[in-house]
Amino acid sequence: QVELVESGGGLAQPGGSLRLSCAASGFTFSTSAMGWFRQDPGKEREFVSVVSWNGGITYYADSVKGRFTISRDNAKDTLYLQMNSLKPEDTSRYYCAKSRYKGLPLVNPDDYDSWGQGTQVTVSS
């Protein structure tokens with residue numbers, strides 16, 4: 001049974017940083033591309049970033065490029081999202097997801113078959 005558990009969300013000031021983690025279990029993490037999405041109430045889930053199975057290829061939404069960094073530790077079955085220079089518009093619930101496919105980019109929520117419960121990120125002074 002696939003399980004994805006996000007952590008690391010919270011309150012940050014504009015310009016601050018947070019690091020999200022996603023602990024994975026129930027599948028072969030090291031062979032799966034993994035992504036981060038975010039979603040506000042009443043809105044569609046928005047692509048943030050994706051990383052290939054070995055961490056060698058990454059893609060970012062234009063809105064976070066240069067500020068966020070996705071990474072993974074296959075020895076720990078854990079996905080990360082380092083978020084720097086946070087802006088109020090980054091406020092959202094962030095979800096990690098396991099992809100159905102290996103080829104990147106995977107920017108559509110339908111490209112993923114398993115989701116965590118999410119972690120809330122709030123950027124405010």
Side-chain angles (χ1 to χ4, degrees):
Q1 173 179 342
V2 174
E3 186 172 22
L4 300 170
V5 180
E6 302 95 336
S7 61
L11 176 65
Q13 292 191 338
S17 298
L18 285 174
R19 189 193 196 200
L20 305 185
S21 298
C22 173
S25 62
F27 66 102
T28 307
F29 179 79
S30 61
T31 63
S32 296
M34 297 292 296
W36 287 100
F37 285 73
R38 62 189 183 188
Q39 187 174 24
D40 296 327
K43 296 188 176 181
E44 293 188 353
R45 199 157 287 190
E46 176 189 9
F47 169 76
V48 175
S49 184
V50 61
V51 62
S52 62
W53 64 275
N54 64 352
I57 302 173
T58 58
Y59 284 94
Y60 298 92
D62 287 342
S63 58
V64 307
K65 201 173 296 182
R67 300 187 298 118
F68 290 10
T69 302
I70 191 171
S71 63
R72 63 191 298 159
D73 186 338
N74 286 347
K76 296 182 178 180
D77 289 354
T78 303
L79 177 71
Y80 303 100
L81 185 69
Q82 177 67 44
M83 305 187 296
N84 298 330
S85 302
L86 283 163
K87 303 176 180 181
E89 51 263 43
D90 294 320
T91 296
S92 191
R93 192 164 186 85
Y94 286 72
Y95 298 84
C96 71
K98 169 185 167 294
S99 72
R100 300 178 188 273
Y101 312 114
K102 295 190 182 299
L104 267 61
L106 299 167
V107 302
N108 189 321
D110 290 341
D111 294 330
Y112 298 80
D113 58 14
S114 299
W115 298 82
Q117 292 301 304
T119 185
Q120 179 66 36
V121 170
T122 302
V123 183
S124 174
S125 55

For residues 10-89, which residue pairs qualify under disulfide (SG to SG under 2.5 Å), counting only residues two or more places apart or in two chains? Cys22-Cys96
Among residues at least two apart in sequence or on other chains, which ones pass side chain to side chain contact (heavy atoms under 4.5 Å, CB included) with Gln13? none
What residue pairs, at least two apart or across chains, pass disulfide (SG to SG under 2.5 Å) with a residue in residues 43-82? none
Go through the structure and list residues passing side chain to side chain contact (heavy atoms under 4.5 Å, CB included) with Asn54, not counting sequence neighbours. Ser52
Cut-off 3.5 Å, no hydrogens considered: what does the side-chain donor-acceptor table look like for residues 104-112, sequence neighbours left out?
residue: Asn108; atom: OD1; partner: Asp110; partner atom: N; Å: 2.8
residue: Asp111; atom: OD2; partner: Asn108; partner atom: N; Å: 3.2
residue: Tyr112; atom: OH; partner: Leu106; partner atom: O; Å: 2.6

Cluster membership besides Val2, Ile/Leu/Val/Met/Phe/Trp/Tyr side chains within less than 4.5 angstrom, sorted by chain and number, is Leu4, Leu18, Leu20, Phe27, Phe29, Met34, Trp36, Val48, Val51, Tyr60, Val64, Phe68, Ile70, Leu79, Leu81, Met83, Leu86, Tyr94, Val121, Val123
Under a 3.5 Å distance rule, please check whether Arg19 uses its side chain to pair with a backbone N or O of Tyr80 as donor and acceptor. no
So with a 6.0 Å cut-off around CD of Glu44, is the heavy-atom count from everything else above 12? no
Hey, what do you get for CG (Asp40) to CD (Glu89), rounding to the nearest 0.5 Å? 11.5 Å
Residues two or more places apart in sequence or in another chain: which of them pass side-chain hydrogen bond (donor to acceptor under 3.5 Å, both in side chains) with Asp73? none
List for me each residue that meets salt bridge (Lys or Arg N to Asp or Glu O under 4.0 Å) alongside Glu46, sequence neighbours excluded, and say none if there are none. Arg38
Is it the case that atom CD in Gln120 sees more than 12 heavy atoms from other parts of the structure closer than 6.0 Å? yes
Exam field: side chain Thr122 to backbone Thr91, donor-acceptor pair closer than 3.5 Å: no
Would you say Glu6's side chain and Gln117's backbone share a donor-acceptor pair under 3.5 angstrom? yes
Nearest 0.5 Å, what's the OG-CZ distance between Ser63 and Phe47? 9.5 Å
Around atom CH2 of Trp115, are there more than 12 heavy atoms of other residues, nucleotides or ligands at under 6.0 Å? yes
Qualifying residues under side chain to side chain contact (heavy atoms under 4.5 Å, CB included), relative to Ser30, sequence neighbours excluded: Thr28, Asn74
Over all heavy atoms of both residues, which pair between Ser17 and Ala12 is shortest? Give the atoms and the distance, please. O-CB, 4.5 Å
Which pairs with one or both residues in residues 36-75 pass disulfide (SG to SG under 2.5 Å), sequence neighbours excluded? none
Nearest heavy-atom pair of Pro14 and Ser124: which atoms, and what distance? CD-C, 3.6 Å
Spacing of Ser21 atom OG and Gln82 atom CD [to the nearest 0.5 Å]: 9.5 Å
List for me each residue that meets salt bridge (Lys or Arg N to Asp or Glu O under 4.0 Å) alongside Arg67, sequence neighbours excluded, and say none if there are none. Asp90
Who else is in the cluster with Leu11 when I, L, V, M, F, W and Y are joined by side-chain contacts under 4.5 Å? none
